[in-house]
K.L.:
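So that we are looking at the same thing, I have put the structure below in structure tokens.
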Amino acid sequence: MKKSRFSPETYIQGILNGDRMLLSRAITLVESTLEEDQTLAGQVMEGILPFSGNSIRIGITGVPGVGKSTFIEKFGGLIVESNHKLAVLAVDPSSQQSHGSILGDKTRMESLASDKRAYIRPSPAGKALGGLSAKTREAMLLCEAAGFDVILIETVGVGQSETAVRGMVDFFLLLMLAGAGDELQGIKKGIIEMCDALVINKADGSNLEAAKLAMRDYANALHLFQAKESGWTPKVMTCSGLEGRGLAKIWNVVEEYRNVMQLNGFWQQNRQSQRIQWFDDHIRYLLESKFYQNPGVKLRLSEVLPGVQSGNLSPIKQAEELVQGFLNRAK
Ligand code: GDP
């Protein structure tokens, strides 16, 4: 075992005791692609799983520049002031290209980052989206076991990561700008359908009237969408992350959502189907990584790739043979 690793029990006990250093180390372990780390991470996850689940999980999305970090800084402040322990996680597929990460910048969320009641975890960079969201889910469960009872998962509103995050949260919040136009903001109809609250941000100064107008437009437009399975009508609101206005109302809506959904059973039902989705995702993830890590597959892939690329070999036939070869070796 490497020097920088602990026993599964050390991680588990540390996390259950709310030790942030061990929590961070466990998340790093979960994010590691090394096989020995994966085994250890699996043992830690098994140990903490019975102590997870007791939080409100909130997804927050919006295009870069909509004001997410400013919003989370203030909204997070309000949450911890209401006697909650808050963890902020990020999913950022764009960091694959830029090697940056949306929470990586130290200047973001400064006051929240130094607040003992909050825990901020930057996005792991350079991973495939499937792996990335799996890691985020595990990081969320680790945070819950460490006693954080509100989890904010931030994602950039560019499309791919929203569906993955929707599949692991209870409440999904979309931040928008007035007057930017849906297309300009890269907001697809699908994302609007996913959200439980649509909030026009930067409702301040000369932008206030435009924000109110946009709010009315969206409230009208939302009537055109099909009713949600939960029976919840998405709330349309305005706020100013910068001035901190409208944030208490948003938190009230989140709490109202939880109360109503826990009563009508949708909260539990949603968590159940998310568990199935997690199970399903994990099977897919395991199959894929075992397949691509298999030495025989690696060798054969390197042999046929040039032919597939040039068009001399059929992608369908080669894929079938590769998978069949893998299955035969596994017998
Ligand atoms: P992110 O990329 O979505 O995380 O956005 P940031 O929080 O970094 O904000 C982008 C820019 O918008 C910054 O210059 C902020 O100062 C500004 N901004 C953020 N929130 C507000 C707000 O509520 N009102 C106004 N007027 N500006 C804001």
Side-chain angles (χ1 to χ4, degrees), residues 58-80 86-115 118-125 132 136 151-162 164-166 169 171-188 191-192 194-195 197-215 218 235-251 253-254:
I58 306 168
I60 295 186
T61 193
V63 290
V66 73
K68 289 181 297 302
S69 52
T70 312
F71 175 87
I72 293 175
E73 168 102 322
K74 288 272 172 53
F75 191 56
L78 187 142
I79 292 172
V80 296
L86 170 74
V88 182
L89 307 170
V91 180
D92 182 10
S94 63
S95 66
Q96 283 172 67
Q97 281 102 42
S98 63
H99 294 291
S101 65
I102 46 178
L103 287 177
D105 184 348
K106 286 268 186 310
T107 60
R108 297 179 91 223
M109 306 178 198
E110 252 172 54
S111 69
L112 199 59
S114 59
D115 194 311
Y119 175 80
I120 299 184
R121 177 75 184 187
S123 160
L132 200 71
T136 305
I151 315 278
L152 292 185
I153 304 184
E154 178 188 8
T155 171
V156 182
V158 288
Q160 324 148 269
S161 53
E162 279 64 34
V165 171
R166 172 71 274 192
V169 297
F171 190 91
F172 198 65
L173 179 81
L174 173 64
L175 286 181
M176 296 190 81
L177 296 173
D182 292 356
E183 254 143 76
L184 232 164
Q185 298 193 54
I187 299 300
K188 310 258 157 46
I191 296 187
I192 294 187
M194 273 187 242
C195 72
L198 193 158
V199 179
I200 319 291
N201 194 22
K202 306 196 185 181
D204 46 44
S206 57
N207 205 24
L208 192 59
E209 282 312 308
K212 283 183 183 162
L213 258 170
M215 179 178 85
Y218 279 113
K235 296 278 187 288
V236 186
M237 291 172 277
T238 61
C239 82
S240 166
L242 200 64
E243 296 180 355
R245 269 199 289 166
L247 304 186
K249 200 169 158 199
I250 298 173
W251 180 242
V253 164
V254 173

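Ligands are counted one by one from 1 in listed order, and the atoms in each one are counted from 1 as well. Please read all numbers here as calculations on a predicted model, not as lab measurements.
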K.L.:
How about V165 and T61: do any of their side-chain heavy atoms sit closer than 4.5 Å?
P.N.:
no
K.L.:
For ligand 1, which atoms, with element, lie under 4.0 Å from some heavy atom of K68?
P.N.:
1 (P), 3 (O), 4 (O), 5 (O), 7 (O)
K.L.:
Do V88 and Y119 come close enough that some side-chain heavy atom pair is under 4.5 Å?
P.N.:
no
K.L.:
Within ligand 1, which atoms have a heavy atom of G241 less than 4.0 Å away?
P.N.:
23 (O)
K.L.:
Do I120 and L86 have side-chain heavy atoms sitting under 4.5 Å apart?
P.N.:
no
K.L.:
Quick check on contacts: which atoms of ligand 1 are under 4.0 angstrom from a heavy atom of T70?
P.N.:
6 (P), 7 (O), 9 (O), 19 (C), 20 (N)
K.L.:
Going by the closest heavy atom to atom 6 (P) of ligand 1, which one wins out of G65, P64, G62, S69?
P.N.:
S69
K.L.:
Under 4.0 Å, heavy atoms only, figure out whether ligand 1 is touched by the backbone of D204, its side chain, both or neither.
P.N.:
side chain
K.L.:
Should E154 be counted as touching ligand 1, given the test is an N or O pair under 3.5 Å?
P.N.:
no
K.L.:
Pick one of side chain, backbone, both or neither for how N201 approaches ligand 1, counting any non-hydrogen atom pair under 4.0 Å.
P.N.:
side chain
K.L.:
Taking both backbone and side-chain atoms of K202, is any N or O found less than 3.5 Å from an N or O belonging to ligand 1?
P.N.:
yes
K.L.:
Just wondering, do F171 and I60 contact through their side chains at under 4.5 Å, heavy atoms?
P.N.:
no
K.L.:
Donor-acceptor check, side chain of E73 to backbone of S111, threshold 3.5 angstrom: yes or no?
P.N.:
yes
K.L.:
Looking only at distances, can you tell me whether any N or O atom of F71, backbone or side chain, sits closer than 3.5 Å to an N or O atom of ligand 1?
P.N.:
no
K.L.:
Could you tell me whether the side chain of Y218 reaches within less than 4.5 Å of the side chain of I200, counting heavy atoms only?
P.N.:
yes
K.L.:
Check ligand 1 against V63 and write out every atom of the ligand that is under 4.0 Å from a heavy-atom position of the residue.
P.N.:
3 (O)
K.L.:
Measuring only between side-chain heavy atoms, which start at C-beta, is K202 closer than 4.5 Å to L242?
P.N.:
no
